[in-house]
Amino acid sequence: MMTELFVDAARVARKDLLIEWRTRVTINQVIPLGLLIEVVFAFAFDANRSLLEQGAPGLFWVGVLFAGTLVVQRSFTVEGPDGITDALRLSGFRPGAMFLGKAAAIFVELVVLEVALLVGVVVLFDVGLSDPLLLVATTVIGTAGFALTGAIYGALSLGVRVRETLLPLLLIPVVAPILLGGSRALEAAFGISTQPGWNWVGLLTVITGVYAAIGLVAFGPLMEES
Amino acid sequence: MDSWGTILLGYGITFGAIAAYAYSILSRSRAIGHELGIGVPASSALPHLSGPEDPEDPEGSPGVRSNER
Amino acid sequence: MRVAAAGVDRLRGFMAPVIDFEDTVVLLGRFPALAGLTMSVDPGHIVLLRGSNGAGKTTFLRTCAGLLPVSQGRARVLGFDMTVSRREVRPHIGLLGHGSQLYDDLTVADNLAFWGGAVGADSADQRAALEAMEVSPRLWNISVQKLSAGQRRRVAIAVLVARRPRLWLLDEPHAGLDRRGRDLLDGLLGAAAAAGATVVFASHELDRAEVVADTVVDIGGGRTLAATSLPRGTAGEGTGPDDD
Amino acid sequence: MSGATDRGDSRHLMTSSVATRILGWVGLAAMAVMALLGLVVSPRDRIQGEAVRLLYIHVPTIWVAYGSFVLTAVASALYLWRGSSREDRGRHYDRIAGAAGEVAVLFLALTLVTGMLWGRITWGVFWQWDARLTTTALMFVSYLGYLAIRNMPADIEARSKRAAIAALLAAVNIPIVHFSVEWWRTLHQKASIRSDRNSEITGDMFATLMFSLLAFTLVAAWLMIHRYRLVRLEEIREEEGLALAVSARRAEGVNA
């Protein structure tokens with residue numbers, strides 16, 4: 001039973017990534033936007049090197065948050081037109097598989113985005129790397145948490161007309177702890193703060209686990225009501 | 001602003017907001033009550049007392065039943 | 001009114017109706033698209049829904065597909081009670097709506113692989129479905145948005161064929177199809193009904209539709225107004241008069 | 001309580017009934033006494049000075065807000081799991097969630113206002129990223145999103161189900177946000193002395209606070225009951241509209 005869930009999830013993820021590969025929306029638009037957000041921060045902070053370096057972890061995650069919201073938006077806009085939502089309900093895919101598939105596709109796109117943003121942070125904000133393992137762990141787990149939460153709130157806002165504004169309003173208070181934990185952990189990873197980073201990774205793991213469980217239960221009813 | 005000013009402002013905002021909200025609920029419900037010519041019957045007192053006493057459906061859907069052959 | 005074969009039919013036997021609606025009310029937002037509709041359809045029939053736009057045809061089809069909650073009245077499809085377990089009926093449904101129900105950014109083959117794969121149709125079934133609608137292999141690796149409306153319609157029908165539904169629900173299926181496409185579709189519907197499936201479709205092209213259907217149901221104001229049976233042009237046993 | 005509801009009963013044009021009228025007056029009196037106690041009768045605090053008077057409002061609003069969140073979450077859960085089996089398809093639970101949700105957001109706003117004013121006196125600055133206030137601010141935005149979903153025009157069943165799930169998601173988010181913010185701020189506040197607000201309130205100040213808690217709870221209950229009934233009235237109006245629409249719809253069919 002479980003393998004069937006993951007096979008279906010893989011099918012859904014493959015479809016989403018195939019659409020992204022064919023249309024290149026994330027690569028051509030969302031990643032440049034993420035880098036743009038980082039550059040704009042330099043203007044905002046008057047290119048104050050030490051301030052930017054101190055703020056680098058936070059700026060990275062804010063970039064992920066806003067660019068990530070666009071990736072989630074895009075992932076569910078694709079399901080909107082041409083009666084596709086009806087087709088998905090009739091498709092025979094279990095809701096849990098659709099949830100994990102959508103989240104996995106969002107996760108992959110976000111990781112590609114984050115590699116670009118990390119390069120940006122290192123180059124633009126001249127950030128050193130003191131604990132790469134912590135950096136990878138934080139980014140991977142934090143992004144997984146964001147992707148799962150994004151998939152839930154994306155489905156919640158699927159049927160709603162004013163989605164462009166409602167999705168960020170719903171999603172950002174929920175991913176705020178991920179932004180908080182991720183930033184503190186990255187401060188340790190970049191060697192900016194002496195605080196231990198791994199306990200924040202623990203927090204991110206708990207959040208990711210909670211939202212994975214919630215999504216498996218809530219995604220079905222949410223797809224229904226849109 | 002000395003502390004007394006701040007305190008009175010705090011009380012004012014709190015009591016004012018509660019009163020405004022109460023008034024808006026009462027006036028909206030009075031408006032709908034007039035519009036429908038009904039009040040919410042007394043029997044629906046406190047929510048935890050009133051069980052599933054939703055107004056029954058009007059006897060079947062009104063108007064002609066779907067036509068028979 | 002009841003759309004039923006008169007006598008006990010050897011192939012189908014007297015089975016419960018595939019669609020059994022009584023005084024069904026379905027709301028679209030606050031608008032009662034179905035306002036107390038009563039209708040029942042037995043297996044193996046091809047039913048044409050006739051009625052003006054906004055009469056409730058599309059809502060009726062989507063309710064049968066288990067996509068809309070039933071507000072009042074009784075509604076059963078393929079034995080599932082639509083007020084309680086409308087999700088369980090869906091794998092058995094083939095719904096063709098107005099939209100193409102295809103991912104425009106993906107190719108024909110990608111779409112068949114995705115939608116067909118969902119119900120376990122392997123690549124051979126997918127190919128067979130495309131061939132059944134004579135979608136030329138040249139088009140298989142072209143993205144759907146580059147296809148003509150008629151071709152897109154054929155691919156959408158091919159997806160339905162790959163799903164092998166027990167209940168076909170088609171909204172204006174002939175729209176957008178060229179002559180050849182329509183012949184193919186009519187043949188598929190006849191074959192499906194002969195194999196025990198049931199077809200309900202809405203159409204304005206009455207000359208075409210009345211050749212295929214064995215019963216016509218007029219819908220208006222969210223309710224059924226009349227049902228008349230038609231002499232089936234295609235091969236298939238004659239149906240007795242409608243009993244009620 | 002007679003099950004049958006007499007729709008034609010026009011004795012009470014408003015949503016009040018004997019019980020809620022009493023509750024209303026008692027609540028009003030309690031608030032008046034509370035203001036008197038809080039502003040005049042109770043003494044200055046040794047450490048905080050007059051600022052403690054703001055706590056007599058601030059603490060009860062937190063109590064009412066979080067109580068209402070819990071009620072919203074419980075009602076939403078009941079709507080999702082036991083709603084469809086009920087004869088009224090769970091409308092009763094959905095109304096409680098709606099009423100409680102709105103009251104929660106109102107009192108959360110008041111928590112923020114009184115918290116900032118208290119901070120202005122005690123810390124000299126409106127916002128000091130204090131763990132509790134930060135969590136409250138995030139909860140406020142998150143529940144504004146909940147209300148936004150509730151007010152989306154849609155089929156009442158779809159809207160209620162979507163709102164119920166959103167309420168549960170928001171409720172699950174409370175402990176997560178609370179814990180992570182608490183953890184975050186304690187890292188920074190180890191240095192400064194933590195002025196724990198409630199601990200040094202004793203004697204008649206404590207009595208004032210307890211009375212104020214009672215007064216606010218009464219008022220919140222009154223507000224919630226009337227908001228519940230307003231939701232019901234709005235539904236009845238919709239149903240009336242529906243009956244008209246159904247017959248108009250049928251007329252369409254006849255002369256089609």
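So you know, we letter chains A, B, ... as the sequences are listed, proteins then strands, and number each from 1.
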What part of A:Ile172 gets closer than 4.5 Å to chain D, counting heavy atoms only: side chain, backbone, both or neither?
neither

Chain D contact via A:Val206 - which portion, at a heavy-atom distance below 4.5 Å:
neither

Identify which of A:Leu171, A:Val217, A:Ile214, A:Thr149 forms the greatest number of heavy-atom pairs closer than 4.5 Å to chain D.
A:Ile214

If you take all heavy atoms of A:Pro173 and D:Val141, which pair is closest and at what distance?
CG-CG1, 3.7 Å

Of all heavy-atom pairs between A:Leu169 and D:Gly145, which one has the smallest distance, and what is that distance?
CD2-CA, 3.8 Å

At what distance, to the nearest 0.5 angstrom, does CG of D:Leu169 lie from CG of A:Leu222?
7.0 Å

Hey, what do you get for CH2 (D:Trp183) to CG (A:Leu180), rounding to the nearest 0.5 Å?
10.0 Å

Test side chain to side chain contact (heavy atoms under 4.5 Å, CB included) on D:Asn173 and A:Tyr211 and set out the steps.
CA-CA 10 Å; D:Asn173 197 34; A:Tyr211 279 103; 3.3 Å; yes

